[in-house]
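Bear in mind that the values here come from a model prediction, so they are computed numbers and not experimental data.
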Amino acid sequence: MTADSHHPHPPKRLPDWAWLAGVPVAAALWWLLYSQLIPFSEWATAQIPVARDSHAGEAIAFFIYDVPKVLLLLSGIVFVTGVLRSWFSPEKTRAILAGKHQIWGYPLAAALGVLTPFCSCSSVPLFIGFVSAGIPLGVTFSFLIAGPMVGPVGLGLLYGLVGWKIATIYLVFGFAIATVAGVVLGRMGLERYLQDWVRALNAGPAGDLPEERLTLVDRLRIGVDQLREILGKVWVWVLIGIGIGAVIHGYVPEAMMVRIMGGEAWWSVPAAVAVGVPMYTNAAGVIPIVEALLGKGAALGTTLAFMMSVIALSLPEVIILKQVLTLRLIAIFLAVVASGILATGYLFNALL
């Protein structure tokens, strides 16, 4: 049987003008959808017969808002990184960040995370894009940690709650944890613990044509192909992860957390981290809980350790990352970051 017998009528390809005109239209539509997420989620929640300020209402609104937000971010970022990857193959990217240049990649990635107003699940699409583009794994982890932990929204709210001195110290420690954890994870040679399809993506060529012969339309096709491949593997886990996060978000056991973190016992910091990891909310959502905990007498270091664990080590984030990282790599990532958070909690309790 010949190869042609499998595909007697190969699919027609769109003409170049359709790609060149369609991508700007798609980008405009993407931006329109993204800008209307909040009013859409509120409208959609209002159509459901539950009280908006109830536990169920909070969980439903969170799910309706976060699912399209993360999927839109994932689609846009993966497409853009796929197009860029056609110019910068994984080999070129690793060469640029190799040796003495790579050491600058960690603080730069952490700084990018600080400037990016994303929660942990929203940071995952950029992380996936970076990994698929061949950026060293440790550098991508620096971004993944810094983004939710010390983003501008959380810092701004923390500044209003505890003042600029403590907020600045928090920024410094969060940035340091992201940078050092990235270096540690990068030096451990963990690329072999990426999922097989990610390693195959990095090992393969960017496109069917030699890089210098690719046209702009060829590069756009590569971006769409990468979007189709990655989104097809991840979208179900985005729904599952955010669904779990929505339930937790709507039913936050605040009274129990106050009891656990109300004192300064040595075990309060690891207990706060253990309570925080299974939860999921963004910086804006956790700040009111932090305020309530501090008002009830919880130690500052313990409370900040809880805040860091909630927004940097969330269970929904882990579920989505499972499609990119193996369980062993996820466990190593959690252990390294949790160690930094514990150290920060104990240090704040000792100094303040």
Side-chain angles (χ1 to χ4, degrees), residues 1-40 44 66-96 112 116 118 121-135 140 194-239 320 323-324:
M1 184 178 292
T2 64
D4 291 339
S5 63
H6 289 288
H7 302 285
H9 300 290
K12 294 182 178 180
R13 300 177 64 172
L14 288 174
D16 288 0
W17 66 265
W19 282 93
L20 297 175
V23 169
V25 171
L29 179 61
W30 184 97
W31 179 254
L32 177 63
L33 292 173
Y34 191 82
S35 65
Q36 296 301 310
L37 284 176
I38 293 178
F40 168 76
D66 241 41
V67 166
K69 182 186 77 169
V70 172
L71 290 177
L72 281 171
L73 286 171
L74 183 64
S75 300
I77 291 166
V78 168
F79 172 74
V80 171
T81 55
V83 174
L84 293 177
R85 183 173 175 262
S86 68
W87 275 287
F88 298 96
S89 65
E91 292 75 16
K92 281 188 177 181
T93 306
R94 283 189 287 266
I96 292 172
L112 177 62
T116 304
F118 289 162
C121 282
S122 300
S123 297
V124 170
L126 264 176
F127 176 83
I128 293 173
F130 290 165
V131 171
S132 64
I135 293 177
T140 63
L194 291 169
Q195 292 287 6
D196 292 342
W197 71 270
V198 180
R199 287 189 282 113
L201 187 67
N202 279 341
D208 296 329
L209 297 175
E211 185 177 323
E212 62 274 9
R213 291 175 51 194
L214 291 174
T215 66
L216 177 58
V217 172
D218 291 328
R219 299 181 195 280
L220 295 176
R221 288 193 180 100
I222 290 171
V224 170
D225 288 343
Q226 183 160 312
L227 169 61
R228 186 183 298 114
E229 178 177 1
I230 293 178
L231 193 63
K233 294 178 182 295
V234 173
W235 72 271
V236 172
W237 299 100
V238 170
L239 296 182
I320 300 173
Q323 302 310 297
V324 185

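Between the CG atom of L33 and the CG atom of L71 there is a distance of 12.0 Å, given to the nearest 0.5 Å.
In plain terms, the two heavy atoms of F79 and G223 that are nearest each other are CD1-C, 3.5 Å.
The side chain to side chain contact (heavy atoms under 4.5 Å, CB included) test applied to L37 returns Y34, Y65, P68, K69, L72, not counting sequence neighbours. Residues passing the side-chain hydrogen bond (donor to acceptor under 3.5 Å, both in side chains) test with D16: none are found, sequence neighbours excluded.
Few gaps surround CG on L216; more than 12 heavy atoms of other groups in view lie less than 6.0 Å from it.
Applying the salt bridge (Lys or Arg N to Asp or Glu O under 4.0 Å) test to every pair with at least one member in residues 23-39, sequence neighbours left out, gives no pairs at all.
With hydrogens and angles ignored, the 3.5 Å screen pairs no side-chain donor or acceptor of D225 with any backbone N or O of I222.
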